[in-house]
Structure formats: C-alpha cells, structure tokens
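Numbers here are sequence positions counted from 1. Here the structure is a predicted model, which is why all the values come from computation and not from measurement.
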Amino acid sequence: MTDQPLIRGVNAAFLGVTDPEPHLAYYRDQLGFAVAESGVLAASDAAAIWGEGVGEVGVTVLTAAGAPHGRIVLLTVPAGEAVHPHSADYGLAGIDLYTRDITESHRVLTAAGYSWVTPPATWQVPLGEKLVTVTEGFCNAPEGTGVVFVEPAAPRGTAAWDAEPDRFYTELTSLVCHVPDFEAEVAFWGPDGMGLSQWYDVSFSDPGLDEMASLPPGTVMRLAFLAGELTARIEVTRIQDRTVGTDRRAQQRTARHLGHTGWLVHTRDLDAVLERVRERGGSVRTGPVQAPALLFGGARVAFVDTPNGIPVTFAEQAA
C-alpha cells in the first residue's frame with residue numbers, strides 16, 4: 001500500500017428503476033446525459049455482487065459530456081414503492097448537479113411535468129469567517145429520486161463543463177447521505193479512512209434552507225463535504241434535534257429497491273479498502289468477486305455498508 005488515497009471520489013450513483021424509459025426522458029432528454037453503456041447482468045452475477053435474492057438486472061449507464069465519473073447508473077429492479085426521501089430521513093438523499101440558471105431549470109422542468117419540493121431558494125453557509133451563498137432546488141425525478149439543482153456562485157471545475165463550456169448541466173457534483181452517526185461516517189470517508197479530503201464541517205440554520213428542504217423553522221443542520229480528484233463529492237448531513245423524518249435505509253438497497261440506492265466507487269487496491277472498511281466500522285456484505293465486463297469491466301468488486309448502512313460498491317481499477 002502507498003500513501004495515496006484509497007479512492008479518488010465517487011464514480012456513479014445507482015438508481016433503481018422499473019423501466020429506464022421515463023428516466024431517459026428526464027436525464028437524457030431534459031438534462032443532456034447520454035447512454036454510454038447498456039445491457040443485462042445475469043442473476044448469478046448480480047447476486048454475487050449485491051447479495052442473495054437479487055435477480056437479473058438491466059443496466060443503463062448515463063454520462064454527461066462523456067465524463068467517466070459523476071455518472072448515473074440505472075438498475076432495473078422489480079416493481080416496488082417509490083418514495084422521494086425527505087431531507088430529514090436517514091439514508092441516501094439527493095443527487096446534485098450544477099445548472100447554469102436554476103430559474104430556467106425550474107420553469108422548463110415544471111412545464112415538462114416534473115414537480116419540485118418547493119421553488120428554488122437561496123441561503124448562506126458560514127465557512128470560517130466567510131458566508132457562502134447557496135442557491136438550490138429539489139426536483140422530484142421519476143421513481144423516488146430527488147435531484148438537487150445547484151446554481152453555483154463560484155463553480156468548481158467539472159469534467160462536463162470543461163469539455164463543453166456552453167453545456168447547461170454538469171455531471172453529478174455531490175451525493176448526499178443523512179446519517180445518525182455523523183462522526184463515524186465522516187471518519188469512514190475522510191483522510192484516515194478512504195482518503196478523501198474534508199473540506200469543512202459546519203452547523204448552520206437559515207430560513208432559505210428550511211423553505212427549500214421543507215424543514216421546520218429554525219432547523220440546525222450539520223454538514224461536511226468530503227472530496228477527492230473526481231467531481232462528485234460526498235455530503236454527509238445530520239439534522240440536530242430531529243423531530244421529523246423516518247429511516248429509509250432498509251428500503252434503499254442496491255439492485256433491490258427504487259430510487260437512489262447506492263454508490264459506485266473505484267479503488268486501485270480493493271483488499272486495502274476492505275481492511276479499512278472493517279477498521280472504520282463498516283461491514284463487507286459480499287466479495288471480493290470477479291465482476292462481468294458490463295459496468296465493471298471485469299474488475300474485482302465488493303459490496304459494503306458504511307458505519308451508517310450506506311450501500312457502496314467498490315470496484316478495483318488500476319488507475
């Protein structure tokens with residue numbers, strides 16, 4: 001093992017779907033993602049990766065401007081209940097991406113029949129002695145996925161906007177989880193865990209956040225950003241004095257349920273990752289196994305839970 005981080009960021013978000021077509025209408029036709037790969041994982045391969053009882057799984061990989069990360073992976077699963085998570089629910093929350101103009105995004109997507117939790121709102125997050133202005137809105141995408149559109153005041157670089165400067169939307173910029181044990185999750189992903197840098201850890205309250213996320217007035221949220229070389233960061237949140245929300249984690253299992261159901265993370269050293277998973281309070285559910293070419297390129301793969309039960313699929317990749 002070297003001193004390099006074990007991971008470079010999150011490669012993709014898994015979304016459970018019953019039929020890819022409504023999702024293609026949203027992510028491809030509205031947001032400009034493209035189908036990079038599609039096919040079917042045999043039941044034996046899918047069960048080896050994600051656990052006993054998983055059947056045959058259709059796979060559709062979506063990319064923005066050809067970016068090899070910040071991707072969306074649609075996994076076809078049996079029909080079930082599709083629930084859009086609330087910001088106060090424990091488990092996987094929104095998938096975030098940048099928009100050039102959130103007002104126009106709200107207008108166009110609303111006209112196309114996609115509802116928003118509320119219209120976009122603006123609030124401020126204290127970072128040290130600075131206040132950073134954030135403008136966001138939650139849009140209800142098909143079958144239980146919440147998409148958070150962010151109009152950045154000072155956008156960090158994204159692969160999609162680097163490749164296509166006039167593009168309206170980017171690849172995924174953040175993946176969000178709301179957890180009961182904030183410290184354990186941050187330690188799992190941070191410098192002494194998987195090796196991501198911790199940008200900040202801040203607690204704040206703002207009426208704009210309450211409005212956008214449908215939270216009780218005066219809600220205090222704790223938020224940490226963890227980032228590597230790739231665009232998509234991990235946002236770990238915890239609502240203090242939580243009086244609303246439920247625990248969605250048992251209904252957010254990869255290749256079993258609808259909606260945002262897990263993350264794909266590449267590593268150069270899967271064995272070292274699994275050792276670190278156990279050291280940091282996570283659990284290895286399956287693997288390592290040799291995965292098929294579809295989606296995984298024949299890599300060694302393991303499926304784990306973080307200390308808060310967030311499902312993550314690690315795949316070994318040379319670079």
Side-chain angles (χ1 to χ4, degrees), residues 4-15 67-73 85 87 89-98 125 127 132 134 136 138 145-150 152 155-159 170-204 213 221-239 248-249 252 254 259-267 273 276-277 279-283 302-315 317:
Q4 293 179 311
L6 288 175
I7 67 171
R8 298 168 58 223
V10 180
N11 183 272
F14 288 123
L15 307 185
H69 48 84
R71 305 181 300 166
I72 295 169
V73 179
S87 296
D89 292 347
Y90 286 142
L92 293 160
I95 59 173
D96 296 17
L97 67 158
Y98 289 162
V125 180
L127 297 181
V132 175
V134 179
E136 292 186 349
F138 270 102
T145 297
V147 176
V148 180
F149 291 98
V150 182
R156 64 193 290 261
T158 81
T170 64
E171 74 273 35
L172 299 184
T173 55
S174 294
L175 300 170
V176 185
C177 60
H178 179 231
V179 298
D181 192 338
F182 184 95
E183 291 80 4
E185 197 70 22
V186 170
F188 180 90
W189 293 107
D192 295 327
M194 294 299 146
L196 297 180
S197 298
Q198 184 175 337
W199 283 9
Y200 54 81
D201 176 349
V202 61
S203 296
F204 67 101
M221 176 175 283
R222 187 175 178 187
L223 168 67
F225 272 27
L226 298 123
E229 298 173 33
L230 307 186
T231 303
R233 304 162 294 194
I234 293 173
E235 295 186 31
V236 180
T237 66
R238 186 181 68 199
I239 291 174
R248 298 283 180 200
R249 290 174 290 179
Q252 294 181 329
T254 307
H260 183 193
T261 55
W263 303 337
L264 175 62
V265 177
H266 288 167
T267 177
V273 158
R276 196 67 55 84
V277 166
E279 290 173 354
R280 289 293 168 185
S283 57
F303 182 50
V304 316
D305 279 346
T306 74
N308 283 279
I310 303 301
V312 182
T313 305
F314 284 101
Q317 197 177 58

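- Annotation: the span from Phe182 atom CZ to Asn308 atom CG amounts to 10.5 Å, rounded to 0.5 Å.
- With a 4.5 Å cut-off on side-chain heavy atoms, Asp305 and Pro311 count as touching.
- The shortest distance between side-chain heavy atoms of Thr306 and Arg280 does not fall below 4.5 Å.
- In terms of heavy atoms, Leu92 sits closest to Pro85 at O-CG, 3.7 Å.
- Counting all heavy atoms, side chain and backbone alike, Cys177 lies closest to Ile310 at CB-CD1, 3.9 Å.
- How far CG of Leu175 is from CG of Leu226: 12.0 Å, rounded to the nearest 0.5 Å.
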Requested in this report: Take Asp96 and Glu235 through the side chain to side chain contact (heavy atoms under 4.5 Å, CB included) test and state the conclusion after the steps.
Outcome: CA-CA 10 Å; Asp96 296 17; Glu235 295 186 31; 3.3 Å; yes
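- Atom CZ of Phe188 and atom CE of Met194 lie 4.0 Å apart (nearest 0.5 Å).
- To the nearest 0.5 Å, the span separating OH on Tyr98 from OG1 on Thr158 amounts to 8.0 Å.
- Side-chain atoms of Thr267 never come within 3.5 Å of backbone atoms of Ile7 as a donor-acceptor pair (strictly under, hydrogens ignored).
- Here the shortest heavy-atom pairing between Ala159 and Thr231 reads N-OG1, 3.7 Å.
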Query raised in the report: Step by step, would you call Arg222 with Ser203 a side chain to side chain donor-acceptor pair (under 3.5 Å)?
Result: CA-CA 4 Å; Arg222 187 175 178 187; Ser203 296; 4.6 Å; no
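- With rounding to the nearest 0.5 angstrom, the CD1 atom of Ile239 is 11.0 Å from the CG atom of Leu223.
- Taking each heavy atom of Val10 and His69 in turn, the nearest pair found is O-CB, 4.5 Å.
- The aromatic rings of Trp199 and Phe225 sit tilted relative to each other, their planes meeting at an angle between 30° and 60°.
- Looking only at distances, a side-chain donor or acceptor of Arg276 sits under 3.5 Å from a matching main-chain atom of Gly193.
- Judged as a side chain to side chain contact (heavy atoms under 4.5 Å, CB included), and not counting sequence neighbours, the contacts of Ala93 are Val176.
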Report task. Starting from the C-alpha separation in whole Å, work towards a yes-or-no answer on side chain to side chain contact (heavy atoms under 4.5 Å, CB included) for Trp189 and Val312. Result -> CA-CA 12 Å; Trp189 293 107; Val312 182; 3.8 Å; yes
**Report entry** Candidate pair His266 and Arg8, rule side chain to side chain contact (heavy atoms under 4.5 Å, CB included), full reasoning
**Finding:** CA-CA 8 Å; His266 288 167; Arg8 298 168 58 223; over 6 Å; no
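- Here the CZ atom belonging to Arg238 is positioned 5.0 Å from the CD atom belonging to Glu183, to the nearest 0.5 angstrom.
- Scanning both residues, Ile95 and Ala13, for their nearest heavy atoms gives CG2-CB, 4.1 Å.
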Requested in this report: Begin from the C-alpha positions of Phe149 and Leu97 and carry the test side chain to side chain contact (heavy atoms under 4.5 Å, CB included) through to its verdict.
Outcome: CA-CA 5 Å; Phe149 291 98; Leu97 67 158; 4.0 Å; yes
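- When all heavy atoms of Ser87 and Ala213 are compared, the pair lying nearest together is OG-CB, 3.3 Å.
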